[in-house]
There are 2 protein chains.
Amino acid sequence: MSKRAFDKIKTGLDDARAYLDGTADKRRYRVYVPETMDVKKIRARLGLSQEAFAATYGFALSAVRDWEQGRRRPERSARILLKIVQKEPDAVTRALAR
Amino acid sequence: MSKRAFDKIKTGLDDARAYLDGTADKRRYRVYVPETMDVKKIRARLGLSQEAFAATYGFALSAVRDWEQGRRRPERSARILLKIVQKEPDAVTRALAR
DNA sequence: AGGACTATACGGCAATGCCGTAGTCCGTTC
DNA sequence: GAACGGACTACGGCATTGCCGTATAGTCCT
């Protein structure tokens, strides 16, 4: 890993910690939401079929298909959710457990 | 990297492996997605203004307004995300940190 | 009174969500 | 090799939401 990459991650972690600590100004904190997401890649890493992926994280199967086929782009909230599925899939599972 | 962070990643990998191994049933697992969400309540508990709430979790301010005013209902992915924000706000922050 | 902050209210177009169905590819089983 | 089921591509089509902007109202502070 390059130093640059490390610094980037560290900055992110510092920001997150500052936020959680309440050190950061909650009014000014602003997250970055990516404009595009490689849904197929995220799903592949989890080793799930489109159907299982949708059922596991709550997506509509039709939406997953549209996204993977490039027919439609996941809208903002979906992109955020996909990011969480990618980085912290367990958190999603816990939050949605009944 | 902390041990805690490592364990988190490992847990994720273990889950993925469980899926691949067939230890977990890919087909039957299905989460429940609520049809309605009390956005105002979720936000109130976090003690954030509409603007700060939107900026912190990535929502569009206009969407938050529409939801709270009962003008529109958050669609599926947004409802899932809201549930995660409610139950595991830190996970969202971590996933979206740069 | 004036200003800063927060929330309500809503017009309006573009875009997505979601449903359904038909067709393709592939590994497997008879 | 024909039949089968699973996974995926492709897409028509309507209802609904996303998201933009702007105007209005309430609250608190100086």
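Remember, it's a predicted structure, so these values are computed and weren't measured experimentally. So that the names make sense, note that chain A is the first sequence line, chain B the second, and so on, each numbered from 1. Excluded from the calculations below are hydrogen atoms, water molecules and symmetry mates; all remaining heavy atoms, backbone and side chain alike, are included.
Within the structure, a side-chain polar atom (N or O) of Lys40(B) is placed less than 4.0 Å from OP1 or OP2 of dT8(C).
Residues Leu46(B) and Val85(B) are in side-chain contact: their nearest non-hydrogen atoms beyond the backbone lie under 4.5 Å apart. You'll find the side chain of Gln86(B) stays beyond 4.5 Å of the side chain of Arg45(B), heavy atoms only.
Nearest nucleotide to the Ser49(B) side chain, out of dC8(D), dT9(D), dA7(C): dA7(C).
Going from atom CD of Gln50(B) over to atom C1' of dA9(C) covers 12 Å, rounded to whole Å. Computed from coordinates, the Glu68(A) CD to dC8(D) C1' distance equals 9 Å when rounded to whole Å. Distance, Phe53(A) CZ to dC8(D) P: 12 Å, rounded to whole Å. A straight line from CD of Gln69(A) to P of dA22(C) spans 17 Å, rounded to a whole angstrom.
In this pair, Phe59(B) and Trp67(B) present their aromatic rings perpendicular. The plane angle is above 60°, beyond the 30 to 60° band.
Note: Glu88(A) CD to Asp90(B) CG = 9.5 Å, rounded to the nearest 0.5 Å.
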Atom pairs, protein N/O to nucleotides 18-20 of chain D N/O, distance under 3.5 Å:
from	atom 1	to	atom 2	distance (Å)
dG18(D)	OP2	Trp67(B)	NE1	3.1
dG18(D)	N7	Arg72(B)	NE	3.3
dG18(D)	O6	Arg72(B)	NH2	3.3
dC19(D)	N4	Asp66(B)	OD2	3.1

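One hydrophobic cluster, built from ILVMFWY side chains closer than 4.5 Å, cannot hold both Tyr32(A) and Met37(A); they sit in different ones.
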**Pair Asp38(A)-Ile42(A), side chain to side chain contact (heavy atoms under 4.5 Å, CB included): steps then yes or no** = CA-CA 6 Å; Asp38(A) 191 334; Ile42(A) 294 173; 5.6 Å; no

**Request:** Carefully, step by step, assess Arg65(B) and Gln50(B) under the rule side chain to side chain contact (heavy atoms under 4.5 Å, CB included).
**Result:** CA-CA 7 Å; Arg65(B) 287 175 170 169; Gln50(B) 291 177 340; 3.6 Å; yes

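Within the 3.5 Å criterion, the main-chain N or O of Ala63(A) finds no donor-acceptor partner in the side chain of Arg72(A).
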**Prompt:** What one-letter contact string describes nucleotides 23-30 of chain D from 5' to 3', where B marks a base within less than 4.0 Å of any protein heavy atom, S marks contact via sugar-phosphate atoms alone, and - marks no contact?
**Reply:** --------

